[in-house]
Amino acid sequence: MNESLVPDMKDIVALCKRRGFIFAASDIYGGINGFWDYGPLGVELKNNLRDLWWKHMVTTPPVGPDGQPVQIVGLDSAIIQNPKAWEASGHVGGFSDPMVDCKETKLRYRADHLKIIRVDSPDKNLFFAFIEETSEEEMAAKVKKVLGKSVQIGAHESFLECVDKLHLIVAPDAKESGTLTPPKQFNLMFHTYVGATASEENKAYLRPETAQGIFLNFKNVMDSSRVKLPFGIAQIGKAFRNEVTPRNFIFRSREFEQMEMEWFCHPDEVETWMNFWFEERQKFWKNLGLSSDNLQMRQHGQDELSHYAKEGLGTSDIEYRFPFTAPDFGELEGIAHRCDFDLTAHSEHSGQKLEYTDPNDQKNRFIPHVIEPAAGLTRGVLALICEAYTPDPNRPSGVYLNFHPSVAPKKAAILPLTAKDSHVPLATKIYMDLREHYAVDLDIKQNIGKRYARQDEIGTPFCFTIDDQSNEDSTVTVRHRNTMKQERIAIESIRTYMEKEMALMAQ
RNA sequence: GCGGGUGUAGCUCAGUGGUAGAGCGUCAGCUUCCCAAGCUGAAUGCCGUGGGUUCGAUCCCCAUCACCCGCUCCA
């Protein structure tokens, strides 16, 4: 999207509510921060994206580098698992970030991203905190500015080692010492209690990612599904994170939906598969209509890697330029090399063997490495809506949603030109036939212009209109959403017409 | 969690210390051979929520909730 054409999120949110895509959760009670409901059209759009992902991954997975289709099976694991699973995965200990606030500057820092320099001066010892990016020169300059040029600059320490000396710490942008608060823990996992009594013994967690359910079932799938390495296990489902600040409509919400696939392969082949999936996943989003201008591929820096991806090939993101991130990009999908971190951790914690035995060499046993393409389903929905949103002052609705037909919540509208008996019965018949195959609307009321405008606003790609001529020669007009142009086709060819339009672009 | 802003009909917004309006949309009827056209009519709000001041609060004060922007974080 062109810089000047970036749509306003307020308009998108308003359209989503007005037409029934997305509502604030518990709207009549004033909403609840970080939760959203999907309305009649929103659930259609979300289901379409979900089903296309499932088809692309599980039903008709892509052809691998060797020319053979890859093997991926599905899974639907429970949202609540034994809490030991989250201790093993590192989420109980690591899925939280200690934060400190500066009372003077009102800025907030991640405690583990602060570095400290100890400075011994004649009158007193001070500790200077800096954000990670600060250069040695900048740090020295600040210290000398405060304490004079002759001071001795001491060794680096981590902030967490100095929490008992808060009163002596000068915050990165502060002038005085002692303005930092003690670090506060933000555990991002929701917890609940299983059973009638709420006590520590039966504390459990809502999953913060669907991936762990896959690792927990690795052995079950291996033992029951005749899969051979390399293979994948795919899962779509809700995940929950107690985000400090839910923001940007459904982009960062506390309850969201993920589409994750764990690809298990031999450690020697990770690079091949990492590249393969990175390419495949880009194709997927492009085929759904996200323009290459608004998509960006990015390697994670070493400092932002998750606990499971510190080694190996790291993480590559597929990012989308959302209106609220523009001109920057926001993450849509991450393709991570999780190494053997998860299977090893669960193996150690559970005492179960989670290794793979080479069928051609029974002595060759190893723990597979994992490449994980993890996409946000609800983020995908938002990207599709943002991409589709097209203001157009030259049409009555002023805007239309340019959905690819395969994701559009309604594929077509059947419109009798007038509400007369000469048009309605034939329109109804066409509707009854077509609805067996596609999500379509029959709209009889009000003038034709209003009905076209309504369909534009919800992104229906085609309107089939029945007029007098339809009764004479069994044809209808097709009105195209994007161009508003019309053509006449035979009623009996409507289905094949739509089938052709519905196909995704060449893969 | 911190700082700033906002909250009136489905949407966009006006308005006043004496419990509310417009445009658009929605619905019904008529009309209509193709783009929110025309005519007629209708429904809809405890003015975000809870307190306080006041004879009286949608308006003033306090709190709270939600949303937007920034910090932070993230699939």
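Chain letters run A, B, ... following the sequence lines, proteins first and then strands; every chain starts at 1. Note that these values count all heavy atoms, side chains included, but never hydrogens, waters or copies made by symmetry.
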Spacing of the [atom1] atoms in [M] and [N] (rounded, Å):
| N | M | atom1 | answer |
| --- | --- | --- | --- |
| B/G23 | B/G4 | C1' | 31 Å |
| B/U8 | B/A14 | C1' | 9 Å |
| B/U31 | B/A37 | C1' | 11 Å |
| B/U16 | B/G3 | C1' | 32 Å |
| B/G15 | B/C47 | C1' | 11 Å |
| B/A22 | B/G45 | P | 14 Å |
| B/A20 | B/C59 | C1' | 12 Å |
| B/U44 | B/U54 | P | 36 Å |

Select base, sugar-phosphate, or nothing to describe what [X] touches, counting heavy atoms under 4.0 Å on all strands.
| X | value |
| --- | --- |
| A/L332 | sugar-phosphate |
| A/K10 | nothing |
| A/A239 | nothing |
| A/R254 | nothing |
| A/S253 | base |
| A/E257 | nothing |
| A/G34 | sugar-phosphate |
| A/R479 | base |

Rounded distance in Å - [atom1] ([X]) to [atom2] ([N]):
| X | N | atom1 | atom2 | answer |
| --- | --- | --- | --- | --- |
| A/I414 | B/C34 | CD1 | C1' | 16 Å |
| A/R488 | B/C34 | CZ | C1' | 10 Å |
| A/W36 | B/A66 | CH2 | P | 11 Å |
| A/F256 | B/C74 | CZ | C1' | 8 Å |
| A/Q469 | B/C34 | CD | C1' | 13 Å |
| A/Q455 | B/C34 | CD | P | 19 Å |
| A/F322 | B/C74 | CZ | C1' | 12 Å |
| A/I28 | B/U44 | CD1 | P | 18 Å |

In the strands shown, is [N] matched to any nucleotide by a Watson-Crick or G-U wobble pair with both distances under 3.5 Å, and which?
| N | result |
| --- | --- |
| B/C47 | none |
| B/C30 | B/G38 |
| B/C11 | B/G23 |
| B/G1 | B/C71 |
| B/A66 | B/U6 |
| B/C59 | none |
| B/U53 | none |
| B/G17 | none |

Quiz prompt | Test side chain to side chain contact (heavy atoms under 4.5 Å, CB included) applied to A/R241 and A/S253, A/P246, A/P208, the passing residue | solution = A/P208
Selection from [options] that lies nearest to any side-chain heavy atom of [X]:
| X | options | value |
| --- | --- | --- |
| A/S397 | B/C68, B/A36, B/C34 | B/A36 |
| A/K450 | B/C34, B/U32, B/G25 | B/G25 |
| A/R18 | B/G70, B/G10, B/C35 | B/G10 |
| A/R252 | B/C73, B/C68, B/C74 | B/C73 |
| A/R247 | B/A36, B/C69, B/U12 | B/C69 |
| A/F251 | B/C34, B/C74, B/A37 | B/C74 |
| A/T245 | B/C35, B/C71, B/G25 | B/C71 |
| A/D467 | B/C74, B/U32, B/C34 | B/C34 |

Quiz prompt | Ring centres under 6.0 angstrom apart (A/Y497, A/F462) | solution = yes
Anything under 30° is parallel, anything over 60° is perpendicular, the rest tilted; go ahead and classify [X] against [Y].
| X | Y | answer |
| --- | --- | --- |
| A/F284 | A/H56 | tilted |
| A/Y320 | A/F322 | perpendicular |
| A/F264 | A/F218 | tilted |

Quiz item: Mapping A/E260 and A/T477 to their closest nucleotides on RNA chain B, which lands nearer the 5' end?
Solution: A/T477
Exercise. By nearest nucleotide on RNA chain B, pick out whichever of A/I466 and A/D11 is the more 5' one.
Key: A/D11
Quiz prompt | hbond_proxy A/Q486 side chain to B/C34 base (donor-acceptor, 3.5 Å cutoff) | solution = yes
Quiz item: Below 3.5 Å, does any donor atom in the side chain of A/R379 face an acceptor in the base of B/C74, or the other way round?
Solution: yes
Counting only side-chain nitrogens and oxygens, does [X] get under 4.0 Å of the OP1 or OP2 atom of [N]?
| X | N | value |
| --- | --- | --- |
| A/N248 | B/C69 | yes |
| A/K445 | B/C27 | no |
| A/K17 | B/G10 | no |
| A/R454 | B/G25 | no |
| A/N33 | B/C67 | yes |
| A/Q446 | B/C27 | yes |
| A/N447 | B/A37 | yes |

Electrostatic pair [X]-[Y], nearest N-O below 4.0 angstrom:
| X | Y | value |
| --- | --- | --- |
| A/D51 | A/K55 | no |
| A/R481 | A/E501 | no |
| A/K410 | A/D441 | yes |
| A/K283 | A/E280 | yes |

Quiz item: Between A/T465 and A/Y452, do the side chains contain an N or O donor and an N or O acceptor separated by less than 3.5 Å?
Solution: yes
